[in-house]
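Everything below concerns the one structure shown next.
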Amino acid sequence: MKLGLQRWNSHGFGMMSLAISYHVLMPPCQIILPLFLSVFNLIIHQYAFAEIFTVRRVHWLRAQAQKHRWDEECTLVRYEMEWTVRYFLHKSRFWQSAPTADLTKVLPGQTAYAQRKAAMWDKLARDADHSFKNINKNYKSPL
């Protein structure tokens, strides 16, 4: 038999004790602890289990929050795709009506500039709409 002193820490219970244990020279799996040490180990294992459960619960809650953020982001991106195309269409219509909005005489150069801007915005709207259709199968085209 071997007499040894072991220091046991309760990992949060705030008490530290010295326990005298007698180890028989056997493989470690066959050591039988005294009853008070077995109860103490049970308390330690229950506390460790509760701590691990808390850590896993916090990890799960964080992962769930991250999933909700990504779901919200996907919804927002779908709407932003529609808003982008609608904005391009709005600017195209604005430039199409720009020469007629002014009651004064419109010069040919101003009309050509407005038509070029309207065509540019219309092309942007059509290109964006085409790209968004290819990227997102749930995309609703405003065209």
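Fair warning: this is a prediction, and the values are worked out from it, not measured in the lab.
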- Please collect all salt bridge (charged side-chain N to carboxylate O under 4.0 Å, His left out) contacts where either partner lies in residues 133-143, sequence neighbours excluded, each pair once. Asp129-Lys133

- Who else is in Leu107's hydrophobic cluster (ILVMFWY, side-chain heavy atoms under 4.5 Å, direct or via others)? none

- Query: Which residue pairs pass the ring-ring contact (aromatic ring centres under 6.0 Å, His included) test when at least one of the two sits in residues 124-143, sequence neighbours left out?
  - Reply: Phe132-Tyr139

- Message: Could you see if Tyr87 belongs to whatever hydrophobic cluster contains Leu124? Use Ile, Leu, Val, Met, Phe, Trp, Tyr and a side-chain cutoff under 4.5 Å.
- Response: yes

- Message: Test of understanding: with ring pair (Phe, Tyr, Trp, His ring centres under 6.0 Å), list the residues that count as partners of Tyr113, not counting sequence neighbours.
- Response: Trp95

N/O donor to acceptor pairs below 3.5 angstrom from side-chain atoms of residues 58-80, sequence neighbours left out:
unit_1	atom_1	unit_2	atom_2	d
Gln66	OE1	Arg69	NH2	2.7
Lys67	NZ	Asp71	OD2	2.8
Thr75	OG1	Asp71	O	3.1

- Which atom names give the shortest non-hydrogen contact between Ala128 and Val85, and what distance separates them? CB-CG2, 4.0 Å

- Message: Taking the cut-offs as 6.0 angstrom to the six-membered ring centre and 45 degrees off its axis, would you call Lys91 and Phe94 a cation-pi pair?
- Response: yes

- Nearest heavy atoms of Ser92 and Ala118, plus distance in Å: OG-O, 3.2 Å

- Query: Can you pull the side-chain hydrogen bond (donor to acceptor under 3.5 Å, both in side chains) pairs that have at least one residue in residues 116-126, sequence neighbours excluded?
  - Reply: Asp122-Arg126, Lys123-Asp127

